[in-house]
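Worksheet: the structure to be examined is printed underneath.
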Protein chains: 4
Amino acid sequence: MRTKENKYDQLLNAAMAVIKETGFEKASVSQFVRRAGVAQGTFYLYFSSKKEIVPAIAERILSEQLLRIKKREKEAEQGEGLLRLLIEETFALTEEYRDLISFCYAGISLYYSFERWDEIYRPYYEWLIEQLKSLQEKGEVTSGMKTEYLANYTIGLIEHGAEAHYLSQAVQTDEKEAQEQLYYFVSRAVLL
Amino acid sequence: MRTKENKYDQLLNAAMAVIKETGFEKASVSQFVRRAGVAQGTFYLYFSSKKEIVPAIAERILSEQLLRIKKREKEAEQGEGLLRLLIEETFALTEEYRDLISFCYAGISLYYSFERWDEIYRPYYEWLIEQLKSLQEKGEVTSGMKTEYLANYTIGLIEHGAEAHYLSQAVQTDEKEAQEQLYYFVSRAVLL
Amino acid sequence: MRTKENKYDQLLNAAMAVIKETGFEKASVSQFVRRAGVAQGTFYLYFSSKKEIVPAIAERILSEQLLRIKKREKEAEQGEGLLRLLIEETFALTEEYRDLISFCYAGISLYYSFERWDEIYRPYYEWLIEQLKSLQEKGEVTSGMKTEYLANYTIGLIEHGAEAHYLSQAVQTDEKEAQEQLYYFVSRAVLL
Amino acid sequence: MRTKENKYDQLLNAAMAVIKETGFEKASVSQFVRRAGVAQGTFYLYFSSKKEIVPAIAERILSEQLLRIKKREKEAEQGEGLLRLLIEETFALTEEYRDLISFCYAGISLYYSFERWDEIYRPYYEWLIEQLKSLQEKGEVTSGMKTEYLANYTIGLIEHGAEAHYLSQAVQTDEKEAQEQLYYFVSRAVLL
DNA sequence: CATGAATGAGACTTCATTCAT
DNA sequence: CATGAATGAAGTCTCATTCAT
């Protein structure tokens, strides 16, 4: 079990590093295993094919995101706190993993159905839905929408904002401003 | 000239059809040319490489989108009309080209920088910015944000909503509801 | 000793079952061991290499054949009885092990020299030669040929007949007819 | 067309030579193309996969066989002539292509159904059936069997004899004797 | 402009075998 | 005796691109 965990992680970390450096197009299984220091065949003991690396990376990143968010859960007790928290952490993560994130989008929509995406996002959604419900009860958050949609649009919007900032250069300014503008927009939609 | 136009279009249409049917993974230049009824080498007379097909498709779709929107430009003279217009057309287009749209995202983020994306979106953004500015003057739209951000977030949000509806099955309900929920959310953010 | 016998047989039976079901192409050592319920490495405690499974199966089948024939040895005391016996048992065995038989031919001619085949067939040949000699003395079987050739051609012919019937569909009719036609042909050649 | 024929033949000849020399196990497409002097991908322009080389070789050999037999067709006008002709040519071809023949058996039964075999043999069978029918009318050949079976068993038997002589060493003597013994056996079965 | 046969690099994957436990 | 994770060589095949016609 320990060993298994180790090799899997070695491989996943190696893959993430390689893709970060060389981009996805040129990333090959041989590079992953060379970097991880294992044999070619070992890769296929932990991933059924090269493609399987894609959702694995996505899961890793998103679970990291959720972890960080949950660490600051107390801040989410108020509407403003929740939104600022989501924005800050989404921006931070997007900056950190910028190359991998766009690779994951590409890879998953190329190789998998969107159901795979939903699966990966589920825990994140569920957490947010809980928060929103309790804030609706407190009268801090709009009750005019179903919570599922509210959660979905909120996450989608914040991620779009972070990506627009870090991946594209469409609106190139400082992070501060981008976050402020985004907060203004989201809070109007979500908060009462 | 006529011929050139024709072959280019034949090739582009063929590529779009092939990708729609067989998915991106299996789409190959040989399929494009077979479908278009031209020789293998002919492809390279009109596209410098296979990758060039990606932004070509994206441009085709987005210019179609802009065309449709401009046809209903009068409706955009009021805030509500503008948002409903954007939502309806974005949903319609996303439904029509669902596979191609995710292919374009994937392809562009794989092969190109996001600048290429911005380039393609520019005319759309510019048109929207104009509309928003004039609605801000009329006091129908929030003035608390820079119009560039407003436009960007509005488009990003509406596209997210359409994709969440048609590509993923996360929130599976009828289109009507999805559009209503989305309108509610966006209008709170954008309109006064 | 018990254990060793058991594991060897488990492995051999598993291999036979796997090859029967999935064909030779996909049959792998890992399938053999999975089916046999032993570890990967255990295979190599009983077979020096994967190839060794081939003559082992061939031997198993042919010894089974000889066993069945010897059970009916009394019938072989007359020419007609001998030939009918050979035909019936060869047909029965070919039907039962049809896939394995062609696999054995293939495997042995791929991996081994034909000497290996001869070795396997030897006991069967020797038994038949004895029978034929005694029938020659009784004047029931042609004496115009060396008994070795007679035995060889007789077996070869009968096996060809059974395989033509069960493996190929060249001549597709009922078993009865095929056996009758074959008997007619062989008996003309062999009996007086 | 000329070119196509040429490359196909180059490849087929190269493959036959390589298999003859190194055996089938080690024969690889890379060797085929190196020997043929063409690029790796070119192989797949003429054969859909490596396996396709197997029936191609079988067809080549059997059509050669039929060609040679038809050259001596006049001899087939009498029963004895027909059988001697078949025996001689089968022995000659088996000697010449001994390695390839066993490879073809193995390959076809491994990768293809026996129907493929029948397909390849069909012209040969049909020719023989014609001959046998006309000899039955002349009263030179037994009429107690259906001609299809007669042809099938005759060919099967003669091929078995040739293979027993050249491939196995079970009965190792001179070719002359083997042919004589075989003729004796077959003629008893077939001729009146 | 158009053709399409030919190219060839290199990616993915399989699987028999080993060996430390 | 038994295990099974790890190995790594080697093979098949794909496909974007070229170029002589």
Side-chain angles (χ1 to χ4, degrees), chain A residues 1-4 6-8 10-11 25-34 36-53, chain B residues 1 3-4 6-7 25-34 36-53, chain C residues 1-4 6-7 25-34 36-53, chain D residues 1-4 6-8 11 25-34 36-53:
Chain A
M1 183 116 295
R2 271 274 299 289
T3 313
K4 191 151 190 170
N6 280 341
K7 286 263 154 81
Y8 179 90
Q10 276 172 49
L11 248 359
E25 258 208 295
K26 279 168 254 159
S28 68
V29 172
S30 337
Q31 285 175 299
F32 300 162
V33 298
R34 185 165 33 237
V38 301
Q40 192 83 1
T42 304
F43 181 87
Y44 294 90
L45 250 31
Y46 298 90
F47 301 91
S48 62
S49 85
K50 186 196 175 186
K51 296 175 192 174
E52 270 300 308
I53 212 74
Chain B
M1 184 115 294
T3 314
K4 188 151 192 170
N6 280 340
K7 287 259 159 86
E25 264 207 286
K26 285 165 239 153
S28 66
V29 173
S30 25
Q31 281 176 300
F32 300 162
V33 298
R34 183 167 33 235
V38 302
Q40 192 84 0
T42 304
F43 182 87
Y44 292 89
L45 259 24
Y46 298 91
F47 298 90
S48 64
S49 88
K50 186 197 176 187
K51 297 173 186 177
E52 272 301 308
I53 211 76
Chain C
M1 184 115 300
R2 269 276 299 288
T3 315
K4 187 153 191 173
N6 281 340
K7 288 257 159 86
E25 265 207 286
K26 284 165 239 153
S28 65
V29 172
S30 25
Q31 281 176 299
F32 300 161
V33 298
R34 182 164 37 233
V38 300
Q40 193 85 359
T42 304
F43 182 87
Y44 291 89
L45 259 24
Y46 297 90
F47 299 90
S48 64
S49 88
K50 187 198 176 187
K51 296 174 187 178
E52 271 302 308
I53 210 76
Chain D
M1 183 116 297
R2 272 274 299 288
T3 313
K4 192 154 192 172
N6 280 341
K7 287 262 154 78
Y8 179 89
L11 249 0
E25 257 209 296
K26 279 167 254 157
S28 68
V29 172
S30 335
Q31 284 175 298
F32 301 161
V33 298
R34 184 165 36 236
V38 301
Q40 191 83 3
T42 304
F43 181 87
Y44 294 90
L45 252 28
Y46 297 92
F47 300 91
S48 62
S49 87
K50 186 196 175 187
K51 296 175 193 175
E52 270 302 307
I53 210 73

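Chain letters run A, B, ... following the sequence lines, proteins first, then strands; residues in each count from 1. These numbers were taken from a predicted model, which means no experiment stands behind them.
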Interatomic distance, [X] [atom1] vs [N] [atom2] [rounded to whole Å]:
X     : N      : atom1 : atom2 : answer
A:F43 : E:dC15 : CZ    : P     : 18 Å
B:R34 : E:dT3  : CZ    : P     : 15 Å
C:F32 : E:dA16 : CZ    : C1'   : 11 Å
D:E52 : F:dT12 : CD    : P     : 15 Å
D:I53 : F:dG11 : CD1   : P     : 16 Å
B:N6  : E:dC1  : CG    : P     : 12 Å
D:Y8  : E:dA5  : OH    : C1'   : 18 Å
B:Y44 : F:dT18 : OH    : P     : 7 Å

Under 4.0 angstrom, heavy atoms only, what part of the nucleic acid is [X] near: base, sugar-phosphate, or nothing?
X     : value
A:S49 : sugar-phosphate
D:V38 : sugar-phosphate
C:S28 : sugar-phosphate

Any heavy-atom pair between the side chains of D:L11 and D:V38 that's under 4.5 Å?
yes

What's the shortest heavy-atom distance between D:K26 and D:Q31, and which atoms?
O-OE1, 3.0 Å

For the residue pair D:K50 and D:Y44, what are the closest heavy atoms and their distance?
N-CE2, 4.4 Å

Is any side-chain nitrogen or oxygen of D:K50 closer than 4.0 Å to OP1 or OP2 of F:dG11?
no

Under 4.0 Å between a side-chain N/O of D:Y46 and OP1 or OP2 of E:dA6, yes or no?
yes

Working to the nearest 0.5 angstrom, can you tell me the gap between A:L45 CG and A:K7 NZ?
9.0 Å

CD of D:E52 to CZ of D:F43, rounded to nearest 0.5 Å, is 8.5 Å

Paired with F:dG11: which nucleotide, if any, by Watson-Crick or G-U wobble criteria at under 3.5 Å for both distances?
E:dC12

What is the pairing partner of E:dA20, taking Watson-Crick or G-U wobble pairs with both distances under 3.5 Å in any strand?
F:dT3

Can you find an N or O donor on one side and an acceptor on the other, under 3.5 Å apart, linking the side chain of A:Q40 with the base of E:dT13?
yes

Result for 5'-nearest mapping on DNA chain F, choosing between A:T42 and B:G41, is A:T42

Any idea which of E:dT7, E:dC1, E:dT13 is nearest the A:V29 side chain?
E:dT13

Using the closest heavy atom to pick a nucleotide of DNA chain E for each, name whichever of B:G37 or A:S48 lands nearer the 5' end.
B:G37

